[in-house]
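Have a look at the structure below before the remarks.
Bear in mind that the values here come from a model prediction, so they are computed numbers and not experimental data. What's counted below: heavy atoms across the whole structure, side chains too, no hydrogens, waters or symmetry copies. One-based numbering along the sequence shown.
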Amino acid sequence: MTSTTGVPSDATDDWWRSAVVYQVYVRSFADADGDGTGDLQGIRSRLPYLRDLGVDALWLTPFYRSPMIDGGYDVADYRDVDPMFGTLADFDAMIADAHALGVRIIVDIVPNHTSSAHPWFEAALAAAPGSPERGRYLFRDGRGPDGAEPPNDWESIFGGPAWTRVADGQWYLHLFDPAQPDLDWRNPEVRAEFEGVLRFWLDRGVDGFRIDVAHGMIKEEGLPDVGHSSATGQRQVELLGRGRLPYFDQDEVHDIYRAWRPILDSYPGGRMAVAEAWAESPQRLARYIGPDELHQAFNFDFLEATWSADSFRKVIDTALAESTIVGAPTTWVLSNHDKKRHVTRYGDGAVGLRRARAAALLMLALPGSTYLYQGEELGLPEFLDLPDELRQDPSFLRTGESRDGCRIPLPWSGTVPPYGFGPEGGADGWLPSPADWAGRTVAAQTGDPASTLELYRTGLGIRRAHPALGGGELTWLDTEPGVLAFARAGADPTGLVCVINFSGTPVKITGYGTPVVSSEPLTDADGVFELPVDAAAWFQPAAAG
């Protein structure tokens, strides 16, 4: 057997090392005012649900003033709440209630680009080429005799060229939608502004930040061509891709985070930051983490693992080895607002749900911190049949690829859409809900021991209470082909064992101890348990002696 050591967590300021963080897609979580859009008061009303679910913190997607071209990731004012979501007073009341319930709040910060409706960009358009106002962004002259060609061959992640020409002939860079112009992070004014934004929200009590496109703020000097493009049959980058590109993962980006870390450390209570960073290798991703930079980076390799023992074993070993090098725990995530829900990725219908339930127990047993995406505790699949005319993702308009199917309003109760998302008599959700989700609501699953919601509640409760989980060691155990098993030790001398069956056939297992929780029912014949196909279980070993 082999052993990998995680990083223990026992200090209050290190809460993030083993935390379970629940991602709230604000627009789709809960609607308090009946307009069909989720809001801060809706989150506030559901805080007891999240506390009882067993999560330690909430990560809120952007709720700032925004034209909502890209779901709020086009920010017009980083220091205010969009009226769609409420007011700053609503935010203050929500965070106060969350802290009273023992739940921390992490907010999204979007530093790579602003909205085209941001006062800075409006001033840039009104100013002349070469002006200080344009110097906050990446304006360039075009190529060709009359400057009619873009400055280089860079492509937008949402499809098409990454450059848009303005009335006076110059071009501006937007790695995403044209309504999201990229900032020039070599401009000291930009750096100072965002340091002020961090302090603004830290002063209001936020416990951390999720940094959007954390690898993208610095572009290579001279903005060189990539050398290939969709026009040549080779797309430069996917939404969350790993290619080596002149606009991603430049070494200079680490200077930004070395300036941010002292700001976070100057506030009490363990304020933290987690990077949404994509890099070409785990080694380069690990560079974002450390005592002088960020606390965490998302481990998207785990999200992308295929349904096999070999795939998950390789991802887990690599992540834990890298976390040991940087002295920080890894993160585990199965779904988020940018990727198809893992229930659907893992297979059709019952197969996908069965595998998703097993993956949840696997993830919750691993050392480090876990990020859950709203609705995964309900076993929600991707809504694949959303009519095209109702889709709002800007990526869909340019590439035909849509993220709307994982952003459907959360089903809370009732038998017809929008399933208690808002008050009775209120507007339908901003995106429609499937007609067959009545059995997937929070109300329908509460109290049903076979439901996915109760599986999550049980698993999260054990994780919080069991001294072997969170921080501590992971030791792989010898098993049958297609089966993974590992022991967690921590502060418990007996530990806990997690077993997951990828083999495609039921397997008989013995010697692990007493079952604590399983994703599917186990059969027991004199201490020999049959673990069903695509199932996972936790066992409590017997005490020695």
Side-chain angles (χ1 to χ4, degrees), residues 1-6 302 305-317 320 332 334 342 346-347 350-368 370 379 449-452 454-463 465-470 472-490 492-545:
M1 62 181 61
T2 58
S3 177
T4 306
T5 302
F302 189 75
T306 58
W307 190 256
S308 72
D310 289 344
S311 179
F312 274 92
R313 172 69 186 264
K314 179 180 178 181
V315 167
I316 293 167
D317 279 343
L320 291 178
W332 311 105
L334 291 169
H342 61 281
Y346 287 156
V351 172
L353 179 59
R354 191 171 65 232
R355 291 175 174 177
R357 288 165 56 91
L361 288 187
L362 168 64
M363 178 173 64
L364 292 175
L366 292 169
T370 296
S451 71
T452 302
E454 294 299 343
L455 176 69
Y456 268 76
R457 285 173 171 161
T458 300
L460 287 166
I462 296 169
R463 177 187 167 100
H466 201 293
L469 296 179
E473 293 185 349
L474 180 154
T475 302
W476 292 108
L477 306 176
D478 295 331
T479 61
E480 298 82 355
V483 177
L484 290 182
F486 58 85
R488 298 296 315 282
D492 189 319
T494 61
L496 195 80
V497 172
C498 176
V499 187
I500 181 166
N501 181 11
F502 296 95
S503 71
T505 60
V507 295
K508 296 190 182 301
I509 55 177
T510 187
Y512 294 126
T514 304
V516 177
V517 62
S518 61
S519 63
E520 303 295 330
L522 304 180
T523 57
D524 176 11
D526 296 326
V528 177
F529 298 96
E530 183 172 274
L531 188 63
V533 173
D534 300 330
W538 294 354
F539 294 86
Q540 180 72 56

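For the pair Val516/His466, no side-chain contact is recorded, criterion being any heavy-atom separation below 4.5 Å from C-beta on. Between Thr458 and Trp538, the closest side-chain pair of non-hydrogen atoms is not below 4.5 Å. Side-chain contact between Leu364 and Trp332 is absent, with no heavy atoms from C-beta onward closer than 4.5 Å. Side-chain contact between Ile509 and Val507 is present, with at least one heavy-atom pair separated by less than 4.5 Å. Proximity of Val483 to Val499: side-chain heavy atoms (C-beta onward) are separated by under 4.5 Å at one or more points. Counting heavy atoms from C-beta on, the side chains of Pro367 and Arg488 come closer than 4.5 Å. Side-chain contact between Pro532 and Asn501 is absent, with no heavy-atom pair separated by less than 4.5 Å. Between Asp310 and Phe502 there is no side-chain heavy-atom pair separated by less than 4.5 Å.
Heavy-atom minimum distance, Ser519 versus Ala535: OG-CA, 3.4 Å. Scanning both residues, Ala537 and Phe539, for their nearest heavy atoms gives CB-CE1, 3.7 Å. The two residues Ala359 and Ile500 make their nearest non-hydrogen contact at N-CD1, 4.4 Å. When all heavy atoms of Gly495 and Ala468 are compared, the closest pair comes out as CA-CB, 3.9 Å. Gln540 and Leu496 make their closest contact through OE1-CD1, 3.9 Å (heavy atoms, listed as atom of the first residue, atom of the second, distance). Counting all heavy atoms, side chain and backbone alike, Leu334 lies closest to Ala360 at CD1-N, 4.2 Å.
Interatomic distance, CZ of Phe302 versus OG1 of Thr370, reported as 8.0 Å (0.5 Å rounding). Annotation: the span from Leu484 atom CG to Phe312 atom CZ amounts to 9.0 Å, rounded to 0.5 Å. Taken to the nearest 0.5 Å, the CZ atom of Arg457 stands 14.5 Å off from the CD1 atom of Ile462. Taking CG of Leu474 as the start and CG of Leu320 as the end, the distance is 6.0 Å to the nearest 0.5 Å. We find the CD1-CH2 distance between Ile316 and Trp476 to be 4.0 Å, quoted to the nearest 0.5 Å. Rounded to the nearest 0.5 Å, atoms CG (Leu522) and CG (Asp524) are 8.5 Å apart.
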(request) Start with the C-alpha gap between Phe486 and Thr479, add the side-chain angles, then the distance that decides, and say whether side-chain contact (heavy atoms from CB on, under 4.5 Å) holds. (result) CA-CA 9 Å; Phe486 58 85; Thr479 61; over 6 Å; no
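With hydrogens and angles ignored, the 3.5 Å screen pairs no side-chain donor or acceptor of Thr306 with any backbone N or O of Ser308. At distances below 3.5 Å, not a single donor-acceptor pair connects side-chain atoms of Ser311 with backbone N or O atoms of Ala305.
When the side-chain contact (heavy atoms from CB on, under 4.5 Å) test is applied to Lys508, the partners found at least two apart in sequence or on another chain are Val528, Glu530.
Not less than 6.0 angstrom separates the ring centroid of Phe529 from the ring centroid of Tyr512.
Salt-bridge formation is detected for the pair Glu520/Arg357: a Lys NZ or Arg NE/NH1/NH2 atom is positioned less than 4.0 Å from an Asp or Glu carboxylate oxygen.
The aromatic rings of Tyr346 and Trp307 sit tilted relative to each other, their planes meeting at an angle between 30° and 60°.
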